[in-house]
Amino acid sequence: MIKKYWLFKSEPEAFSIDDLAKKKKTFWDGVRNYQARNFLRDEIKSGDQVLFYHSNTEPTGVYGICEVVKDGYPDHTAFDPDSHHFDPKSNPQNPAWFMVDIKFVKKFPKPVTLDEIKSNPKLQNMKLLQRGSRLSIQPVTKEEFNVIVTSRK
DNA sequence: GCCAACGTTGGC
DNA sequence: GCCAACGTTGGC
């Protein structure tokens, strides 16, 4: 099985790497974008490595690493009318939205900031840097993953 | 808090 | 199936 690499965005006010460090493991719910959904449903597999990115904070950047521990399965928060992730288009017979489970691996002593990524020639092709890129789940290459991780070793 | 860029919705 | 209106994202 070939391991793949991803970047997951989260607003730390909603869910941060510290929350994950505390919980050790979580389901990544609430993704309501079809492109991201397809990744979750079809491509993200147990064992894949994930960069945990904080958006809408100071500074924005990659704060640590986590690992996928469960392949894509239906996002049950879409079925729950009391959840603010509720979506009437989705139902258990024909789920529209998916999620995976991830576990905490490590938090960087200092985040790899967006500025740092922008100024690293090896990271210029990251989707993150593309104009107006809002995708909350995006693939990264093994090389990009390693450049980011080793910059904190 | 602003606002540009983007995805989705819904009228036609 | 077009496209304007709307809501959301996310850097600043």
Side-chain angles (χ1 to χ4, degrees), chain A residues 4-23 26-44 48-68 71-102 104-141 143-152:
Chain A
K4 293 204 274 302
Y5 300 86
W6 307 92
L7 180 145
F8 285 15
K9 280 185 202 166
S10 181
E11 299 193 20
E13 205 156 305
F15 189 81
S16 72
I17 186 110
D18 293 317
D19 294 328
L20 182 60
K22 215 174 300 168
K23 286 183 70 179
T26 192
F27 47 83
W28 198 261
D29 65 310
V31 173
R32 298 291 178 268
N33 169 284
Y34 286 104
Q35 217 181 329
R37 187 279 310 271
N38 292 343
F39 288 137
L40 288 169
R41 186 189 57 194
D42 305 330
E43 299 201 42
I44 303 180
D48 287 1
Q49 301 293 116
V50 176
L51 299 172
F52 198 118
Y53 182 88
H54 282 186
S55 65
N56 270 312
T57 187
E58 186 53 46
T60 58
V62 177
Y63 276 67
I65 307 166
C66 47
E67 179 179 332
V68 179
D71 296 0
Y73 62 106
D75 180 344
H76 55 75
T77 65
F79 310 146
D80 176 6
D82 293 329
S83 168
H84 64 290
H85 294 313
F86 176 65
D87 184 350
K89 287 195 304 292
S90 191
N91 62 76
Q93 286 71 44
N94 187 22
W97 305 112
F98 286 74
M99 59 188 182
V100 297
D101 289 355
I102 57 169
F104 178 76
V105 175
K106 75 186 290 189
K107 181 185 176 182
F108 295 144
K110 272 172 51 183
V112 181
T113 63
L114 184 58
D115 280 347
E116 213 173 324
I117 292 170
K118 279 179 182 165
S119 60
N120 188 327
K122 290 180 184 154
L123 299 176
Q124 293 311 297
N125 290 328
M126 287 187 72
K127 291 222 176 357
L128 195 63
L129 300 186
Q130 284 173 14
R131 191 164 135 276
S133 168
R134 288 168 35 181
L135 197 55
S136 65
I137 303 244
Q138 31 181 279
V140 302
T141 67
E143 290 70 27
E144 289 161 350
F145 184 89
N146 285 335
V147 166
I148 287 178
V149 171
T150 55
S151 74
R152 281 300 173 272

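Note that the structure is predicted; figures quoted are calculated from it, not measured. Naming: A, B, ... by sequence-line order, numbering from 1 per chain.
Both R131(A) and K89(A) lie near DNA chain B, and the one whose nearest nucleotide falls closer to the 5' end is R131(A).
Around atom CG of N125(A), no more than 12 heavy atoms belonging to other residues, nucleotides or ligands sit under 6.0 Å away.
Using a 4.0 Å cut-off between a side-chain N of Lys or Arg and a carboxylate O of Asp or Glu, E116(A) and K110(A) do not qualify as a salt bridge. Of the charged side-chain nitrogens involved, none lies within less than 4.0 Å of a carboxylate oxygen, so that D75(A) and R37(A) do not count as a salt-bridged pair.
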Go through W97(A) and Y73(A) one step at a time and tell me if the ring-ring contact (aromatic ring centres under 6.0 Å, His included) criterion holds. CA-CA 8 Å; W97(A) 305 112; Y73(A) 62 106; over 10 Å; no
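Close approach of DNA chain B to chain A, defined as any atom under 4.0 Å from a non-hydrogen atom of the protein, starts and stops at dA5(B) to dT9(B).
At distances below 3.5 Å, not a single donor-acceptor pair connects side-chain atoms of Q49(A) with backbone N or O atoms of I65(A).
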